[in-house]
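All remarks here apply to the structure that follows.
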Number of protein chains: 2
Amino acid sequence: MPIPDETYKLIFDEIDARQDEFVKVLKEAVAIASVSSDPERRSDCVKMVMWTKKKLESVGATVQVIENGKQKLQDGKTIDLPPILFGVLGNDPNKKTVLVYGHLDVQPAAKEDGWNTNPFELTEVDGKLFGRGSTDDKGPVIAWVHAISVLQKKKVPIPVNLKFVFECMEESGSEGLEEALRHHKDTFLKGVDMTCISDNYWLGKNKPCLTYGLRGICYYFVEISCAKQDLHSGTYGGSIPEAMNDLIWILSQLTEKDGTIKIPKIYDIVAPVTADEKEMYKGIDFCMDEYKKDIEAHGLVKSTKEEILMNRWRFPSLSIHGIEGAFSNSGAKTVIPSKVIGKFSLRIVPNMTPEEVDKLVIDHLNNLWKQRGSPNHFKPIAYHSGNAWLADYKDDNFRAGARAMKRVFGVDPDYTREGGSIPITLAFQDLTGRSVMLLPIGACDDMAHSQNEKLDRSNYIKGTKTLAAYLLELAE
Amino acid sequence: MPIPDETYKLIFDEIDARQDEFVKVLKEAVAIASVSSDPERRSDCVKMVMWTKKKLESVGATVQVIENGKQKLQDGKTIDLPPILFGVLGNDPNKKTVLVYGHLDVQPAAKEDGWNTNPFELTEVDGKLFGRGSTDDKGPVIAWVHAISVLQKKKVPIPVNLKFVFECMEESGSEGLEEALRHHKDTFLKGVDMTCISDNYWLGKNKPCLTYGLRGICYYFVEISCAKQDLHSGTYGGSIPEAMNDLIWILSQLTEKDGTIKIPKIYDIVAPVTADEKEMYKGIDFCMDEYKKDIEAHGLVKSTKEEILMNRWRFPSLSIHGIEGAFSNSGAKTVIPSKVIGKFSLRIVPNMTPEEVDKLVIDHLNNLWKQRGSPNHFKPIAYHSGNAWLADYKDDNFRAGARAMKRVFGVDPDYTREGGSIPITLAFQDLTGRSVMLLPIGACDDMAHSQNEKLDRSNYIKGTKTLAAYLLELAE
């Protein structure tokens with residue numbers, strides 16, 4: 001039975017009334033410098049995990065501390081990885097179970113890097129809460145606790161069971177997490193009906209969105225060698241077929257000027273754009289000029305918003321990353337590199353599978369090499385790959401998220417994808433076999449990973465409302 | 001009046017008789033570890049300079065020690081550069097004056113690098129004198145002293161005046177030398193009629209040669225940028241024209257598969273091959289198979305000896321050296337590099353001038369860029385250049401060298417060029433305005449700069465004879 005509108009109002013009013021308290025709690029979290037990449041901050045990471053455990057327990061969750069083994073440092077030493085939190089709130093077999101994922105660690109930050117304020121002291125300026133982790137991902141994690149606490153205080157029954165997975169190594173490759181999850185597939189993860197992750201950002205600054213797709217990746221090496229060692233270009237130049245010459249030609253045969261991929265049949269395995277999908281792109285809040293200006297690009301490969309977004313989200317792209325083995329320093333060196341490795345990758349989308357893409361790419365490289373007719377040694381390598389992720393943005397999970405956003409923001413959210421990969425998304429989908437939704441709270445200008453990271457106070461509060469409303473919308 | 005044959009025999013017999021003594025002197029020189037690139041060996045460099053000064057004085061030369069100022073080290077400290085020796089032997093206004101150049105410093109060497117013997121202890125194995133500097137360039141420098149000493153002992157008047165320039169920074173870019181020479185252009189260098197330099201190698205192992213040409217160089221950067229900073233290839237891939245894509249295409253438009261340069265009109269400014277020159281290449285002692293095997297090349301761009309040698313010596317070549325700003329480490333990085341700098345160079349030959357080549361190359365790059373029509377930022381840069389050097393291998397200097405070789409080896413030498421540059425050659429030619437000849441003493445397998453550097457005892461002795469004979473052949 002749907003929850004009456006007054007209940008939502010009651011909850012939203014309470015959240016508004018307690019917002020200063022919520023900001024204070026975020027300030028506590030930001031003050032713990034849980035930088036996962038810095039071994040000297042490892043005790044802060046543990047502190048942050050235990051602080052969060054208490055917060056979860058304060059709303060009645062049962063929390064397991066999962067020890068996560070050792071981390072091998074570059075200097076050969078080993079230290080303990082921060083533990084992972086597995087929390088449970090509610091165990092009613094008649095209710096659905098929502099799994100919530102978030103992370104407690106942050107990127108490094110120092111005032112000297114160009115911060116206007118102390119990064120580990122949450123500071124409000126013009127309604128913006130500046131501090132490392134404010135938006136990535138402490139704000140969203142704590143918003144869950146606030147949402148639950150308000151529902152409890154107002155005695156509104158939560159219509160679902162909740163499970164929590166909070167880690168503290170996300171900014172360092174989520175070391176150990178997938179293994180821990182896999183290990184608990186048939187125990188802790190059993191019975192999860194849907195997953196909600198708040199660890200990405202709105203496409204713009206003004207309109208909320210739900211994210212239903214991520215591209216996968218296929219990364220390739222092309223190794224070409226022409227001699228046993230680097231040669232002097234004066235002494236040997238003009239006598240041997242140079243490996244760089246071959247490699248540059250091969251790499252020049254991968255894309256058109258506008259980035260269109262020249263690998264035969266590659267577009268045949270891309271899911272066709274549906275009319276429905278096309279329609280949806282029209283309303284998306286995205287300004288091409290602003291996008292271009294933000295990165296100071298000199299041009300874009302397409303002239304409409306729809307084309308640019310589709311190119312980033314739902315079509316494959318190919319980027320040449322660089323060359324290993326050639327001269328790469330500043331200045332001049334007169335070398336004929338003997339062995340060079342060109343590196344490029346394709347971002348892949350449904351319905352492409354890494355296996356199919358590998359075959360098409362390697363076949364293309366082999367055909368090019370045959371066409372080249374060079375006596376040099378050639379080795380194409382499929383280095384690594386990861387699947388694309390695509391959710392059904394019309395399922396119950398997304399529907400609840402969308403209705404919650406409509407209640408809070410007064411508009412239907414945009415449905416977005418992202419061009420990159422968030423491997424944990426796929427892991428949750430694979431291990432639970434159920435819907436995963438990305439529900440961003442922060443805006444595109446929050447500067448996650450950068451100097452002056454912030455979360456707007458209004459988004460922190462509206463995000464908390466959204467999460468509470470999402471839970472209520474899941475009532476059957 | 002030519003010197004009678006008996007005089008040559010007298011001299012050669014004396015050199016043969018004293019060969020063990022000459023080897024002993026070379027052993028002394030090799031024992032001084034005059035590694036110019038190692039500041040801690042600077043006192044050894046000075047020791048080596050002073051040792052050589054004594055040797056020159058022992059044959060009656062007047063030697064000036066030219067202080068060479070300071071060297072700035074990478075750590076910011078400064079140390080004294082080793083002094084340069086300017087020597088004079090003979091001052092007869094009726095005689096021609098020959099300038100002899102050589103260097104006293106050596107490349108670094110350590111037993112652990114893979115030497116079979118102590119690199120700083122000259123060790124004879126099967127007629128090969130192993131030791132750092134044996135062939136590069138202590139053996140040839142000392143051979144001059146022996147040649148003069150034998151002529152004096154046998155009371156054979158030297159038909160020319162001699163001047164010596166011996167430096168101890170050649171392996172470290174000859175720091176200070178050109179400036180010192182320029183400073184003495186109208187004093188010490190005045191009246192020099194020809195220069196002889198023994199600091200290169202035979203083309204093969206069996207037949208002596210005289211070297212009359214070096215290629216010059218024109219080095220280019222192509223800078224392309226597409227954004228203000230490196231971008232994530234997942235998030236941005238497919239939306240902007242990528243700088244790497246543009247650069248790879250530009251670089252792919254520089255040469256054909258076989259290395260033929262695609263820059264319009266570039267071959268129009270190359271001196272045509274004369275019938276005489278063509279004829280000369282036929283007899284040159286050069287084995288393509290051995291050349292290919294030595295560097296373990298998988299192929300050569302031409303199928304005849306003449307073509308390969310001409311491609312290395314008297315035609316321009318273009319090599320792509322690498323790219324700055326792209327990913328160049330091992331492993332995988334999913335980056336769209338924002339600013340990349342492609343680096344390539346042309347080896348140039350007569351009659352190409354750097355000015356003409358710069359114009360053709362930059363025009364070509366600009367035309368390609370226009371054709372590409374990319375909105376990215378593009379900057380072609382002519383980074384540095386050096387002229388080619390070509391001597392008249394039929395002049396008096398070369399004629400004397402060739403006759404000397406014929407006397408010692410029983411065959412006419414090959415006339416060779418080298419594909420690289422030896423900047424000091426051009427400096428001597430420019431500052432004296434007269435003939436410069438490269439007269440190599442060591443063979444192609446002497447492993448200069450590498451482990452197990454050696455000079456064959458027979459070549460050391462025959463080289464000494466050649467230098468003595470060269471002086472005698474200069475009699476008018």
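Of all the listed residues (D230(A), V301(A), I261(A)), the one sharing the greatest number of non-hydrogen pairs under 4.5 Å with chain B is V301(A). Contact count against chain B (heavy-atom pairs under 4.5 Å) is highest for P375(A) among S225(A), S252(A), P375(A). Note: C226(B) leads A326(B), C226(B), G373(B), G420(B) in heavy-atom pairs under 4.5 Å with chain A. Of the listed residues Q229(B), R372(B), K302(B), the one with more heavy-atom pairs under 4.5 angstrom with chain A than any other is R372(B). The residue among G331(B), P316(B), S421(B) with the most heavy atom pairs within less than 4.5 Å of chain A is G331(B). Most heavy-atom pairs under 4.5 Å with chain A: of the set A243(B), A332(B), G342(B), G419(B), this distinction falls to A332(B). Among the candidates S330(A), S338(A), P337(A), the residue making the largest number of heavy-atom pairs closer than 4.5 Å to chain B is S330(A). Contact tally against chain A (heavy-atom pairs below 4.5 Å) for E418(B), R347(B), E307(B), M244(B): the top residue is R347(B). Most heavy-atom pairs under 4.5 Å with chain B, from the set G325(A), A297(A), G259(A): that is A297(A). No other option in N376(B), L254(B), I336(B) has as many heavy-atom pairs under 4.5 Å with chain A as N376(B).
Under a 3.5 Å cut-off, the side chain of S317(A) and the backbone N or O of G237(B) do form a donor-acceptor pair. K292(A) places no side-chain N or O within 3.5 Å of a backbone atom of I240(B) that could act as its donor or acceptor partner. In this structure a side-chain-to-backbone donor-acceptor pair under 3.5 Å is present from R312(B) to T235(A). Panel note: side chain H321(B), backbone T334(A); no donor-acceptor pair is recorded below 3.5 Å. Within the 3.5 Å criterion, the main-chain N or O of D294(B) finds a donor-acceptor partner in the side chain of K228(A).
Contacts of L300(A) with chain B are made by both backbone and side-chain atoms, with heavy-atom separations under 4.5 Å. No part of F315(B) comes within reach of chain A, as not one of its non-hydrogen atoms sits under 4.5 angstrom from that chain. Residue contact with chain A, scored on non-hydrogen atoms closer than 4.5 Å, involves the side chain of K343(B) exclusively. Only the backbone of L318(A) comes within less than 4.5 Å of a heavy atom in chain B; its side chain stays farther off.
Crowding of K293(A) atom NZ: a count of heavy atoms from other residues, nucleotides or ligands under 6.0 Å not exceeding 12. Few gaps surround NZ on K262(A); more than 12 heavy atoms of other groups in view lie less than 6.0 Å from it.
The NZ atom of K257(B) lies 9.5 Å from the CD atom of Q371(A); values are rounded to the nearest 0.5 Å. To the nearest 0.5 Å, the span separating CD1 on I250(A) from CD1 on I248(B) amounts to 11.5 Å. Atom NZ of residue K333(A) and atom CD of residue E324(B) lie 13.5 Å apart, to the nearest 0.5 angstrom.
Taking the ring centroids of Y291(A) and Y236(B), they lie under the 6.0 Å cut-off.
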Exercise for the section: Please assess S319(A) against S233(B) for the test side chain to side chain donor-acceptor pair (under 3.5 Å), listing each intermediate value before the final yes or no. Expected result: CA-CA 7 Å; S319(A) 294; S233(B) 66; 4.9 Å; no

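For the 3.5 Å distance criterion, the side chains of N311(A) and S239(B) fail to qualify, holding no donor opposite an acceptor.
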